[in-house]
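Read through the structure below, which is laid out as structure tokens, and then see the notes.
Please read all numbers here as calculations on a predicted model, not as lab measurements. Residue numbers start at 1 and run along the sequence shown.
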Amino acid sequence: LLGICFLAILTVLASLGDRLWFVRRFDERVRVGDDVANQYALGPGRTAWFGTDALGADLFAKCLYGARTTLVVGIIATVIGVLLGGLLGLLAGYRRGTTDRIVGIVTDALLSLPAIVLAIVMIVKLDTVKEAQTWLGWLDRRWQLTLTLGILAIPALARIVRARTLALREAEYVL
């Protein structure tokens with residue numbers, strides 16, 4: 001229960017961080033008296049909850065803005081993995097035959113490679129595709145990472161959904 005409350009508070013703070021009165025803007029510097037706190041890094045305190053860095057920026061604000069990006073990447077990657085993995089697993093388990101074999105080969109191939117190697121290769125390839133195609137200007141590093149993590153989640157979820165579909169396909173209430 002404590003973990004759920006912490007994650008809920010973190011999600012609200014990350015989502016609404018720039019609209020809350022006690023959170024500084026990302027580029028705003030902490031002031032101590034009339035000086036900007038860039039001559040020395042402040043420790044945690046009333047002025048800056050997590051302290052400041054060497055440039056005088058509030059670390060609490062930086063953490064919230066970083067959490068926002070992490071939440072967006074994590075949620076969208078999970079949605080991509082669940083939707084595509086679930087759809088592939090459902091098709092493979094229901095249709096069986098050639099579809100099952102093709103999906104099985106693709107998922108086994110993706111699961112046989114180390115995830116970090118596959119992620120590096122995919123991000124490098126997405127960079128080259130982005131340079132060649134002008135309409136992919138929106139595909140910055142954050143979206144490349146999101147798509148890569150989503151694609152890496154597909155095979156495991158496809159195998160789970162396929163196994164469950166095969167079990168339910170032969171259930172009596174389905175027949």
Once you round to the nearest 0.5 Å, how far does [atom1] of [X] lie from [atom2] of [Y]?
X: L10; Y: C63; atom1: CG; atom2: SG; result: 9.5 Å
X: L64; Y: L59; atom1: CG; atom2: CG; result: 11.0 Å
X: E131; Y: L136; atom1: CD; atom2: CG; result: 11.5 Å
X: L88; Y: T99; atom1: CG; atom2: OG1; result: 10.5 Å
X: I9; Y: I4; atom1: CD1; atom2: CD1; result: 12.0 Å

Which pairs pass side chain to side chain donor-acceptor pair (under 3.5 Å) with one or both residues in residues 132-148, sequence neighbours excluded?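 Listed by first then second residue: D127-R141, D127-Q144, Q133-W135, R141-Q144.
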
Does S15 reach the main-chain N or O of V12 with its side chain, forming a donor-acceptor pair under 3.5 Å?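 No; judged by distance alone, with no hydrogens or angles, the pair does not exist.
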
Closer than 3.5 angstrom, by distance alone: can the side chain of R162 be matched with the main-chain N or O of A92 as a donor-acceptor pair?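 Not at all, since once roles are kept as given, no pair shorter than 3.5 Å links the two residues.
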
Would you indicate whether the side-chain heavy atoms of [Y] and [X] approach each other to under 4.5 Å?
X: R96; Y: L166; value: yes
X: L147; Y: L139; value: yes
X: L71; Y: T11; value: yes
X: V103; Y: L91; value: no

Just distance, no hydrogens or angles: give the donor-acceptor pairs under 3.5 Å from side chains in residues 111-121, sequence neighbours left out.
| residue | atom | partner | partner atom | Å |
| --- | --- | --- | --- | --- |
| S112 | OG | D108 | O | 3.4 |
| S112 | OG | A109 | O | 2.8 |

When hydrophobic residues are tied together by side-chain contacts of less than 4.5 Å, even through go-betweens, does [X] share a cluster with [Y]?
X: V106; Y: L157; answer: no
X: Y94; Y: V161; answer: no
X: V129; Y: I80; answer: yes
X: L126; Y: L84; answer: yes

Apply side-chain contact (heavy atoms from CB on, under 4.5 Å) to L110 and I154, showing your working. CA-CA 9 Å; L110 286 174; I154 290 173; 5.6 Å; no

R68: what forms a side-chain hydrogen bond (donor to acceptor under 3.5 Å, both in side chains) with it, not counting sequence neighbours?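 Only D18 meet the side-chain hydrogen bond (donor to acceptor under 3.5 Å, both in side chains) criterion with R68.
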
Note: D100-R95 ion pair, threshold 4.0 Å (strictly below):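 Result for this pair is no, no salt bridge flagged.
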
